[in-house]
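Every heavy atom of this structure was used, including side-chain atoms; hydrogens, water molecules and symmetry mates were not. Quick caveat: nothing in here was measured; it's all calculated off a predicted structure. Here is the naming used below: chain letters follow the sequence lines, and residue numbers restart at 1 for every chain.
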Amino acid sequence: MSAPADSIEIQNVVASTGIGQELDLEALADDLPGADFNPDNFPGLVYRTQDPKAAALIFRSGKIVCTGAKSIDDVHEALGIIFDKLRGLSIPVDEDPEITVQNIVSSADLGHNLNLNALAIGLGLEDVEYEPEQFPGLVYRMDEPEVVILLFGSGKIVITGGKQTDDAETAVEEIVKRIDNLGLLD
Amino acid sequence: RLRKWQERIRTKDAGERNLQFALSEIDRMASALGVPRSVREVASVIYRRALNEDLIRGRSIEGVATSALYAACRQEGIPRSLDEVAEVSRVPQKEIGRTYRYISQELGLELKPVDPKQFVPRFASALGLSEEVQAKATEIIDVSAEQGLLSGKSPTGFAAAAIYAASLLCNEKKTQREVADVAQVTEVTIRNRYQEQIEAMGFR
DNA sequence: ACGTTACTTTGTAAAGC
DNA sequence: GCTTTAAAAAGTAACGT
């Protein structure tokens, strides 16, 4: 018996932090190999780490957004690399900058095909957005935990909007319950 | 005082002109789409509700008017695809879709997903196909939807494939290109849905 | 008729228009 | 609202061969 919750895989973690120091992004763009900085398009400088793979958006204020990491540990590792790189450029970086997880995106597999039409009506049209002409997934906004779940006909799902590691697991257990109660888990 | 009053009148006049503009646009688009007067009236009601609930702030009048018409078509059971609605509107399809989702949610329209069968009479008659083909296409949609093939699929593509399959089965063959043109989907989509549907029907 | 690439949806922070 | 970044899901579309 493989529970759907066991199939959960974190796909992306978004976090924010700050070094407590203003930055000259023009100079940083020259000193950081591989940095992308197009102030006309976007005010942040984009810097990618290879291991772990992640992308950081670095702003003039010293605030940083890290995205693309596969775990919270990877977020800390990637940001640690960036902090050290900045220190290597003689930029003062706070001792242990606070890192806040803002969003965790996970995928999972319910192990059954889903009738999305029946599910849209069963879960309640007021809480559901299902417009297959525009997107093949059914969008379900859950209150507890406060996450958004995308459900597909294959039974594969995406859970996003959570800030805690166990939000996805709680959400999967809850959605399975609700679908099962509707008799829509084949 | 006087200035305040003049502004109220000016605002009221502007609001009145905007409403008239929106309603005339709904009328124009409805005519271009060939939908009955009843649908225009439903669209007008939806637009006025959106106006009363202040849903237009931050959105274009034309976008809300177009979305109201799109919603009205669905509510009345004679849906137009977003592509078709976008063709007669000056608002991009993406914005119509986004605005529709917003007003639908805010007004609690709770419209059920579009049923592919609702496109069959219109697409089939545009292709000059008989009642027999329409009945067959409807049957194909029912059978394949019951077998779970509809989830996530575009209603127009699903209907187009069923009409293509039915035209073959009834010896009134239309090419994939002809069906694709009236349904505004690609031949690739018709091919993919068609393969699944004939298998669901037990043909091969 | 393939294969590849790219766009649709969800969430989230950042600074500025 | 928009701009940018990341990742998954599955469908659709538009390329080129």
Side-chain angles (χ1 to χ4, degrees), chain A residues 7-18 23 25 36-49 52-71 74-75 78 99-110 113-114 116 129-142 146-163 167-168, chain B residues 57-60 63 81-83 93-95 97-99 101-102 150-158 160 176 180 183-193 196:
Chain A
S7 70
I8 296 174
E9 287 181 45
I10 294 180
Q11 300 292 351
N12 184 20
V13 178
V14 182
S16 57
T17 188
L23 291 166
L25 297 184
D36 290 338
F37 184 46
N38 301 87
D40 292 345
N41 283 342
F42 188 68
L45 178 154
V46 181
Y47 183 73
R48 294 176 171 81
T49 57
K53 192 184 170 204
L57 307 178
I58 304 174
F59 297 88
R60 192 178 45 194
S61 63
K63 293 192 176 178
I64 300 174
V65 171
C66 178
T67 184
K70 289 285 183 191
S71 70
D74 282 358
V75 166
I99 296 171
T100 308
V101 174
Q102 302 287 359
N103 185 24
I104 300 175
V105 182
S106 299
S107 60
D109 189 350
L110 300 186
N113 288 332
L114 298 171
L116 299 184
E129 210 172 88
Y130 175 49
E131 293 295 329
E133 188 186 342
Q134 300 177 59
F135 185 69
L138 182 156
V139 182
Y140 183 62
R141 291 180 165 79
M142 187 175 276
E146 193 177 335
V147 296
V148 173
I149 306 177
L150 309 181
L151 301 115
F152 296 86
S154 64
K156 301 272 186 68
I157 72 174
V158 171
I159 307 96
T160 187
K163 292 189 192 290
D167 281 348
Chain B
R57 194 165 293 179
R59 262 158 275 272
S60 71
S81 68
L82 281 177
D83 267 299
Q93 191 195 312
K94 191 174 167 180
E95 187 187 329
R98 188 184 301 131
T99 305
R101 277 181 258 136
Y102 178 72
L150 180 55
S151 286
K153 267 65 165 229
S154 131
T156 48
F158 209 80
Q176 292 178 1
Q184 295 191 141
V185 298
T186 63
E187 294 164 270
V188 178
T189 296
I190 292 188
R191 238 173 267 138
N192 292 337
R193 295 306 135 247
E196 297 171 353

When the distance from [atom1] of [X] to [atom2] of [N] is rounded to whole Å, what number comes out?
{"X": "A:Arg141", "N": "C:dG11", "atom1": "CZ", "atom2": "C1'", "answer": "9 Å"}
{"X": "A:Lys53", "N": "D:dA7", "atom1": "NZ", "atom2": "C1'", "answer": "9 Å"}
{"X": "A:Gln11", "N": "D:dA7", "atom1": "CD", "atom2": "C1'", "answer": "6 Å"}
{"X": "A:Lys163", "N": "C:dT12", "atom1": "NZ", "atom2": "P", "answer": "6 Å"}
{"X": "B:Arg98", "N": "C:dC7", "atom1": "CZ", "atom2": "C1'", "answer": "13 Å"}
{"X": "A:Ile99", "N": "C:dA13", "atom1": "CD1", "atom2": "C1'", "answer": "14 Å"}
{"X": "A:Gln134", "N": "C:dT8", "atom1": "CD", "atom2": "P", "answer": "12 Å"}
{"X": "A:Glu146", "N": "C:dG11", "atom1": "CD", "atom2": "C1'", "answer": "11 Å"}

Looking at B:Arg101, does any N or O in its side chain come under 4.0 Å of the phosphate oxygens OP1/OP2 on C:dT10? yes
Does B:Lys94 place a side-chain N or O at less than 4.0 Å from the phosphate oxygens OP1/OP2 of C:dC7? no
[atom1]/[X] to [atom2]/[Y] distance, rounded to the nearest 0.5 angstrom?
{"X": "A:Ile58", "Y": "A:Thr17", "atom1": "CD1", "atom2": "OG1", "result": "11.0 Å"}
{"X": "A:Leu114", "Y": "A:Ser154", "atom1": "CG", "atom2": "OG", "result": "7.5 Å"}
{"X": "A:Leu57", "Y": "A:Cys66", "atom1": "CG", "atom2": "SG", "result": "9.0 Å"}
{"X": "A:Ser106", "Y": "A:Ile149", "atom1": "OG", "atom2": "CD1", "result": "11.0 Å"}
{"X": "A:Glu133", "Y": "B:Thr156", "atom1": "CD", "atom2": "OG1", "result": "5.5 Å"}

Using side-chain contact (heavy atoms from CB on, under 4.5 Å) as the criterion, list what pairs up with [X], not counting sequence neighbours.
{"X": "A:Lys163", "value": "A:Gln102"}
{"X": "B:Lys94", "value": "B:Arg98"}
{"X": "B:Asn192", "value": "B:Val188"}
{"X": "A:Val101", "value": "A:Val13, A:Ile72, A:Ile104"}

Which residues pass the salt bridge (Lys or Arg N to Asp or Glu O under 4.0 Å) test with B:Asp83, not counting sequence neighbours? none
Rounded to whole angstrom, note down the [atom1] distance from [N] over to [M].
{"N": "C:dC2", "M": "D:dA8", "atom1": "P", "result": "26 Å"}
{"N": "D:dA9", "M": "C:dA1", "atom1": "C1'", "result": "26 Å"}
{"N": "C:dG3", "M": "D:dA7", "atom1": "C1'", "result": "23 Å"}
{"N": "D:dA10", "M": "C:dT12", "atom1": "C1'", "result": "23 Å"}

Is the count of non-hydrogen atoms from other residues, nucleotides or ligands lying under 6.0 Å from A:Arg60 atom CZ greater than 12? no
When all nucleic acid strands are considered with a 4.0 Å heavy-atom cut-off, which category describes B:Arg57: base, sugar-phosphate, or nothing? nothing
Check every strand shown and say whether B:Arg59 touches a base, only sugar-phosphate, or nothing at a heavy-atom separation below 4.0 Å. nothing
Assign each of B:Gly58 and A:Val46 to its nearest nucleotide of DNA chain D by heavy atoms, then name whichever residue's nucleotide is nearer the 5' end. B:Gly58
Interface with DNA chain C, restricted to residues 54-66 of chain A and to heavy atoms under 4.0 Å: A:Leu57, A:Phe59, A:Arg60, A:Ser61, A:Lys63, A:Val65
What does the B/S/- profile of nucleotides 9-17 of chain D look like, 5' to 3', with a 4.0 Å heavy-atom cutoff to protein? BBSSSS---
Qualifying residues under side chain to side chain donor-acceptor pair (under 3.5 Å), relative to A:Tyr47, sequence neighbours excluded: none
Set of residues satisfying side chain to side chain donor-acceptor pair (under 3.5 Å) with respect to A:Glu131, sequence neighbours excluded: B:Arg74
Contiguous Watson-Crick or G-U pair runs (3 or more, under 3.5 Å) in DNA chain D: C:1-8 with D:10-17, C:12-17 with D:1-6
Counting C-beta onward and ignoring hydrogens, is there a side-chain heavy-atom pair between A:Ile157 and A:Leu110 closer than 4.5 Å? yes
Which residues satisfy the ring-ring contact (aromatic ring centres under 6.0 Å, His included) test with A:Phe42, sequence neighbours excluded? A:Phe59
Got a donor-acceptor pair under 3.5 Å from the side chain of A:Thr67 to the base of D:dA6? yes
Near DNA chain D, which residues from residues 36-45 of chain A have a heavy atom under 4.0 Å away? A:Asn41, A:Phe42
